[in-house]
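Below is one structure; the comments refer to it alone.
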Amino acid sequence: MPTNPTPSSAPSMMRGGQMFVDESTSGDYLLMCAVVAVKDVNRARTAMQARGRCVRRLAQDAIAMDIARVVLDPIDSVVDRDRSWLIQGAREAGRPAPPFAYHHQKRHEEPLLWIADAVGWAWARGGKLRAAVDSVVTVVDL
């Protein structure tokens with residue numbers, strides 16, 4: 001796997017990147033955010049291509065970390081593609097299929113999705129909020 005940049009180098013890497021945010025205000029306020037830093041934004045022509053690269057890399061990282069279960073916040077139009085990308089990511093990591101369970105669950109079905117929501121929100125806000133989560137964020141250039 002490529003070496004990940006240090007968090008202190010992240011702001012300059014974020015220029016030209018893409019951010020994907022999903023939120024819910026029913027019950028507790030929730031915000032899920034994925035930030036895709038891309039050296040050449042032309043490689044990320046569509047959000048779908050960027051999501052595919054992220055999900056494939058997520059599968060590779062989950063395998064490397066020996067993760068037992070992956071929960072994704074569903075976007076109805078891409079649930080099937082997410083499954084396909086997870087399988088592709090596993091194959092890219094040398095496995096025929098993901099060795100972990102994976103599910104799509106809505107935030108009200110899996111409240112722990114708020115963790116990624118909160119960290120992504122703080123990172124996107126920048127300044128002191130970004131600094132507060134800097135130690136738990138790893139920027140991966142795809």
Side-chain angles (χ1 to χ4, degrees), residues 1-24 27-142:
M1 286 189 189
T3 303
N4 293 331
T6 62
S8 62
S9 68
S12 64
M13 292 185 62
M14 301 314 287
R15 288 190 198 114
Q18 296 184 21
M19 182 176 294
F20 306 94
V21 180
D22 189 15
E23 64 183 291
S24 172
D28 291 338
Y29 182 79
L30 300 173
L31 181 75
M32 170 118 57
C33 177
V35 178
V36 181
V38 189
K39 283 183 183 175
D40 179 4
V41 95
N42 290 329
R43 289 174 35 203
R45 292 185 181 156
T46 68
M48 196 65 60
Q49 290 171 332
R51 183 177 175 98
R53 283 196 304 278
C54 287
V55 173
R56 288 193 311 271
R57 176 60 188 260
L58 175 148
Q60 295 166 18
D61 289 348
I63 290 168
M65 296 168 62
D66 197 24
I67 296 296
R69 179 175 175 239
V70 172
V71 179
L72 298 106
D73 192 4
I75 298 174
D76 291 338
S77 63
V78 296
V79 167
D80 289 337
R81 290 182 199 174
D82 281 348
R83 289 185 183 116
S84 174
W85 290 326
L86 287 167
I87 293 166
Q88 287 175 16
R91 289 179 180 158
E92 290 166 4
R95 300 286 186 97
F100 49 82
Y102 54 92
H103 312 278
H104 285 86
Q105 291 184 283
K106 296 182 190 244
R107 287 178 295 269
H108 69 275
E109 297 170 328
E110 179 49 84
L112 291 177
L113 286 169
W114 75 267
I115 298 168
D117 294 343
V119 171
W121 178 83
W123 184 265
R125 296 291 298 200
K128 290 180 181 179
L129 292 171
R130 180 177 287 179
V133 299
D134 190 61
S135 66
V136 297
V137 171
T138 300
V139 176
V140 178
D141 185 23
L142 298 176

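Residue numbers start at 1 and run along the sequence shown.
Proximity of I63 to P99: side-chain heavy atoms (C-beta onward) are separated by under 4.5 Å at one or more points. Side chains of V139 and W123 form a contact here, defined as non-hydrogen atoms less than 4.5 Å apart. Under the 4.5 Å side-chain criterion, counting only non-hydrogen atoms from C-beta, L72 is in contact with V70. Put simply, the side chain of W121 reaches to within 4.5 Å of the side chain of L129, judged on heavy atoms. The side-chain heavy atoms of K106 and P74, taken from C-beta on, include a pair separated by under 4.5 Å. Using a 4.5 Å heavy-atom cutoff, the side chains of L113 and V71 are in contact. Between I67 and D61, the closest side-chain pair of non-hydrogen atoms is not below 4.5 Å.
Between A59 and F100, the closest heavy-atom pair is O-CE2, 3.8 Å. Scanning all heavy atoms of the two residues, the minimum distance from R56 to W85 falls at CG-O, 3.3 Å. Nearest heavy atoms, A101 versus H103: CB-NE2, 3.7 Å. When every heavy atom of A97 is checked against every heavy atom of A90, the shortest pair comes out as C-CB, 3.5 Å. A pairwise comparison of heavy atoms in P96 and I87 identifies O-CG2, 4.4 Å as the closest pair.
The CZ atom of R69 sits 14.0 Å away from the OH atom of Y102 when rounded to the nearest 0.5 Å. In this structure, CD on Q60 lies 12.0 Å from CZ on R95, to the nearest 0.5 angstrom. Between the CG atom in L58 and the CZ atom in R51 there is a gap of 10.0 Å [rounded to 0.5 Å].
For the 3.5 Å distance criterion, the side chains of H104 and D82 qualify, holding a donor opposite an acceptor.
For D73 and R107, the salt-bridge test passes: some basic side-chain N is under 4.0 Å from an acidic carboxylate O. For R130 and D134, the salt-bridge test fails: no basic side-chain N is under 4.0 Å from an acidic carboxylate O.
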